[in-house]
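Chain letters run A, B, ... following the sequence lines, proteins first and then strands; every chain starts at 1. Since the structure is predicted, the reported quantities are computational estimates derived from the model, not experimental observations.
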2 protein chains.
Amino acid sequence: MVEKSNTDVVERRRGSGVKLVYDILRDEILDLKLAPGSSVDEVLLAERFQMSRTPIREALVRLAGEGLIETLPNRSTLVSNIDLLNLNTYFDALVLMYRVTTRLAAQNHRPDDLLAIRELHSQYAATVEARDLRDMIAVNAAFHSAIAEAGRNPYFTGLFRRLLDEGRRILRLYYNSYDEQFPQRFVDEHAEIIAAIEARDLDLADHLGKVHGEQIVEQVQRMFVRNQKLDIKL
Amino acid sequence: MVEKSNTDVVERRRGSGVKLVYDILRDEILDLKLAPGSSVDEVLLAERFQMSRTPIREALVRLAGEGLIETLPNRSTLVSNIDLLNLNTYFDALVLMYRVTTRLAAQNHRPDDLLAIRELHSQYAATVEARDLRDMIAVNAAFHSAIAEAGRNPYFTGLFRRLLDEGRRILRLYYNSYDEQFPQRFVDEHAEIIAAIEARDLDLADHLGKVHGEQIVEQVQRMFVRNQKLDIKL
DNA sequence: AAAATATTTCTTGTCGACAAGAAAAATGCA
DNA sequence: TGCATTTTTCTTGTCGACAAGAAATATTTT
């Protein structure tokens, strides 16, 4: 499982425990530190985080609400599996949300938003430079999440966040083979998107969002097929 | 508050309590039986449902996850307010989801789906006939939810469900004055939508979904303005 | 030895009690 | 009386313990 110091926190403020556990488990799930299908034991977590099962349970209920874990009644709770059979529905939703959020960002962004977006853009470039895959994926999600935020539609932002989260798992799953050309291309596309948003060119932003999304989809599909072939060989 | 027999259930199967409380509270919130902003007391609920606070709390955490209630740390939990200032973002999302789900239903539906949709369609017609406002709103949401289901994209279905839920509250809020022409028109539009889905005419389904959505939006906006004026007079 | 049955184990679900934090009420002080 | 301070009250947050359900193991029976 996960080898960690067994005392993540010692002294805590009332009410903060749930958020702590929720945040850590969520990250571990999305980074595949907790494998899909692996079991999540309340008692073990209670020991690890030095608290009773009650706040642990609350964190798990929230994670279940977002579909990151699944509860088998009276038996066990598992990290949700990645649904590879229905990737196409995932891609449909992802591309549409790329379009919509980028378009709305071009329409509704304010000066501060661009600052935050640019900051994450350069962070992303840095992770590409450092060839740090895990951070690259996480920061990329944060970058697009910031764009969605600038679009100021909480309904779209909420769905998009979930999709980006799931994307973190999918990308980690298939990104064993580090592809040289892929990340740098994305840095450039990100720059174009920022420019379109700043220029308040709705249609261009929409279009670039679409292209960017389809780019990623195609990339993942290629990796998917490649891995499929490897699986068959085994 | 709500006057109800204080013993909703007596003998229960382990694990079923949370779902029971969740379902009942959710319905009461969406039907405005629980007013936005009103407080939700864990102890009172525990007494009402004859169980300890633990399962009550779990139900509340889930409701909070869907934004139906809000928790003020260490103080109280309230039924979420309806955000009338940002109705336009709500409408944006709603119309887009009307389009997308109807289009996908035309593309992906199976025979059984049409059965379910038709059943809800006639149920809706019946509620219009009976002039039962509360049921009309709830069944209308169920009808469109079934269409989304037939589209087989859980990401879109999930968001659309939330939007339809929120719509139940908004409609109940403004639908004091029962408007004759409105519901019958919707029955007809529903029939057209079903036909487009069955014919697998994606573009027509998309278009009808859009028109239908905009129809509702316009209606609500009219009611909104009317009520605004009334408010000013008071 | 195989199948049916009983027992144990393991994990979740529920409970009642207590602690902490914040607001409301009461008290003291000018 | 008006304001600051203390006390009380009220609700949520956390805990440890126990019960229930299901799977795994052991036992019995044929």
Filtered N/O pairs between nucleotides 19-21 of chain D and protein, under 3.5 Å:
unit_1 : atom_1 : unit_2  : atom_2 : d
D/dA20 : O4'    : B/Arg14 : NH1    : 3.0
D/dA20 : N3     : B/Arg14 : NH2    : 3.4

(message) Nearest whole Å is fine: how far is C/dT14 P from B/Gln50 CD?
(response) 15 Å
(request) Could you pull out all residues at least two apart from B/Leu78 that satisfy side chain to side chain contact (heavy atoms under 4.5 Å, CB included)? (result) B/Ser39, B/Leu72, B/Ser76
(request) Measure from the side chain of B/Glu42, starting at C-beta and using heavy atoms only, and say which of C/dT12, D/dT12, C/dC15 lies closest. (result) D/dT12
(request) Please name all residues satisfying side chain to side chain contact (heavy atoms under 4.5 Å, CB included) with A/Glu166, sequence neighbours left out, ordered by chain then number. (result) A/Ile82, A/Tyr90, A/Arg169, A/Ile170, B/Tyr155
(request) Mind telling me whether A/Tyr98 and A/Phe160 have parallel, tilted or perpendicular rings, with 30° and 60° as the class edges? (result) perpendicular
(request) State which of D/dT14, C/dG16, D/dC18 makes the closest approach to the side chain of B/Ser52. (result) C/dG16
(message) Out of the candidates A/His109, A/His144, A/Arg161, only one should pair with A/Glu149 under the side chain to side chain donor-acceptor pair (under 3.5 Å) rule; please name it.
(response) A/Arg161
(request) Would you check if A/Thr157 and A/Thr101 make a side-chain contact, meaning some heavy-atom pair closer than 4.5 Å? (result) no
(request) Measure the CD1-OG1 distance between A/Ile69 and A/Thr77 for me, rounded to the nearest 0.5 Å. (result) 4.5 Å
(message) Taking side chain to side chain contact (heavy atoms under 4.5 Å, CB included) as the definition, give me every residue that meets it alongside A/Ala141, ordered by chain and number, with sequence neighbours left out.
(response) A/Leu164, A/Arg168
(request) Would you mind reading off the distance between B/Phe49 atom CZ and C/dC15 atom P, rounded to a whole angstrom? (result) 13 Å
(message) Parallel, tilted or perpendicular: which one describes the rings of B/Tyr124 and B/His190, with boundaries at 30° and 60°?
(response) tilted
(message) If I take atom CG in residue B/Leu60 and atom P in nucleotide D/dT11, what distance separates them, rounded to the nearest angstrom?
(response) 14 Å
(request) Could you tell me the separation between the CG atom of A/Leu72 and the P atom of D/dA23, rounded to a whole number of Å? (result) 10 Å
(request) Could you pick out which residue, B/Val40 or B/Thr54, lies toward the 5' side of DNA chain D when each is mapped onto its nearest nucleotide? (result) B/Val40
(request) Name all residues meeting the side chain to side chain contact (heavy atoms under 4.5 Å, CB included) criterion together with A/Val61; count only those two or more places apart in sequence or in a different chain, and write none if there are none. (result) B/Glu58, B/Val61, B/Arg62
(message) Between C1' on C/dG16 and CD1 on B/Ile56, what's the gap in Å once rounded to a whole number?
(response) 15 Å
(message) What is the separation between atom CG on B/Leu20 and atom C1' on C/dT14, rounded to the nearest whole Å?
(response) 15 Å
(message) Nearest whole Å is fine: how far is D/dT14 P from B/Glu58 CD?
(response) 15 Å
Could you list all N or O pairs between the protein and nucleotides 5-10 of chain C that sit under 3.5 Å apart?
none

(request) Starting from P on D/dT11, measure out to CG on B/Leu78 and report it in whole angstrom. (result) 13 Å
